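First up is the structure itself, then whatever we jot down about it.
Computed from a prediction, not measured in an experiment: that's the story for all the values here. Labels below follow one simple rule: chain letters A, B, ... track the order of the sequence lines, proteins then strands, and each chain is numbered from 1.
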Protein chains: 2
Amino acid sequence: MKLSTKGRYAVMAMVDLARHAQAKPVSLSDIATRQEISLSYLEQLFARLRRAGLVKSVRGPGGGYRLARGSADTRVSEIILAVDEPISATRCTEMGATGCRADRSKCLTHDLWEELGNQIHLFLSSVTLLDVLERKLAPRFIEAPSAANAEPSMAAAS
Amino acid sequence: MKLSTKGRYAVMAMVDLARHAQAKPVSLSDIATRQEISLSYLEQLFARLRRAGLVKSVRGPGGGYRLARGSADTRVSEIILAVDEPISATRCTEMGATGCRADRSKCLTHDLWEELGNQIHLFLSSVTLLDVLERKLAPRFIEAPSAANAEPSMAAAS
DNA sequence: ATTAAACCCGAGCGACGCAGTTGGTTTTTG
DNA sequence: CAAAAACCAACTGCGTCGCTCGGGTTTAAT
């Protein structure tokens, strides 16, 4: 789960696409002007989105893009995974097993990053394009009441 | 919340520091060899950690670093916020109000990224160094049972 | 058939931040 | 004093990101 501005652009474009969905498909140049994103850059993003099966294209004049599935069945996590390639295995993260299993004490943090990735994916896959459009954010997560630590103070974070 | 490998290194080093805490302070060169991180790079990270009040330094031979607070009172989120400077306000993210409020329709995704940031911070601030050491991960988050969407299927995501 | 609108593709570029290096200076212990 | 450590500042490869450029190819309107 990469989480760069590239993925953000893709989500912005997909939300725009879902918003202006009508009988006619939506052209990329329309999205480009509305969202102020470079047309060629959009083309690159949508090429990936199409390969991932998230959108369908209609060629020729009056053509454009349509959501492959409904806006309620397209999750934000899918968009980001389609656009950002799946990270380059820094140090020990993922990469299967090698290099990390060797010295367990060195990778105490491994579980932490893995669990963080899970949390992010869990959240993003709980939000659909329709949710964003209607500003109905997040089937809310609540903290387990049996949690040992986690003081609610949290005075840090500017 | 930046979430780069820089922050990961910082957390790795802090976990190492917490693990080897004794009467004597821990020198950076010890951490450097154990965690295989460049010494000078560690110095830069710990300069920030010190300014953030997360560690205390002892100068001279036999000197090194100590946790400012206990390992149970140092949260992972604090470490990451200390080393990664607070993001560069891409497009509309944060930056107060300007450029985003103008055209509301353009920033439908704004709430989404904000909520995602909240989720990440919430998770990372629920984990202390002690939790990582003892592999007691995450005062677990559970999904609210009243959630409307969020099918548990989630067949996507390679 | 012509033309224009739209998608498709690949090479390349400027800027930025990360990871690391060099080369010092202070401080403190022995 | 000499050695060990924290401190400090500047600089440098290098990769990636966001984006441009310049071509295509396919389709539909006329």
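Atom CG of A:L39 and atom P of C:dC7 are 8 Å apart (whole Å). Distance, B:Y41 OH to C:dT22 C1': 17 Å, rounded to whole Å. Between the P atom of C:dA5 and the CG atom of A:L42 lies a distance of 19 Å, rounded to the nearest Å. Atom CG in A:L45 sits roughly 14 Å away from atom C1' in C:dC7 (whole-Å rounding). In this structure, the NZ atom of B:K24 is 11 Å from the C1' atom of D:dA4, given to the nearest Å. Spacing between atom CZ of A:F46 and atom P of C:dA6 amounts to 14 Å, rounded to whole angstrom units. Atom C1' of nucleotide C:dC7 and atom CZ of A:R59 are separated by 5 Å, given to the nearest angstrom. Note: CD (B:E43) to P (C:dT22) measures 13 Å, nearest angstrom.
The pair A:E78-A:R69 counts as a salt bridge, with a side-chain nitrogen and a carboxylate oxygen less than 4.0 angstrom apart. Salt-bridge annotation for A:D131 and A:K136: absent, with no side-chain N of the basic residue lying under 4.0 Å from a carboxylate O of the acidic one. Salt-bridge annotation for A:D84 and A:K6: absent, with no side-chain N of the basic residue lying under 4.0 Å from a carboxylate O of the acidic one.
Scanning atom types as modelled, one donor and one acceptor separated by under 3.5 angstrom connect the side chain of B:Q44 and the base of C:dT21.
At the heavy-atom level, B:R50 lies under 4.0 Å from the strands shown only through sugar-phosphate atoms.
Across D:dA28, C:dA6, C:dG20, the shortest atom-to-atom separation from the side chain of A:S29 is found for C:dA6. The side chain of A:S57 has C:dC7 as its nearest neighbour among D:dC19, C:dC7, D:dA6. Taking the side chain of A:Y65 as heavy atoms from C-beta on, and the options D:dA6, C:dA4, C:dC8, the nearest nucleotide is C:dC8. Proximity note for B:S40 (side chain, C-beta onward) versus D:dA3, C:dT22, C:dC18: the nearest is C:dT22.
Side-chain atoms of B:R75 and B:L81, non-hydrogen and from C-beta on, never get closer than 4.5 Å to each other.
For the pair B:R51 and A:S4, both in contact range of DNA chain D, the more 5′-proximal nearest nucleotide belongs to B:R51.
With A:L28 as reference, A:L39 is the one residue of A:L17, A:I37, A:L39, A:L45 to meet the side-chain contact (heavy atoms from CB on, under 4.5 Å) rule.
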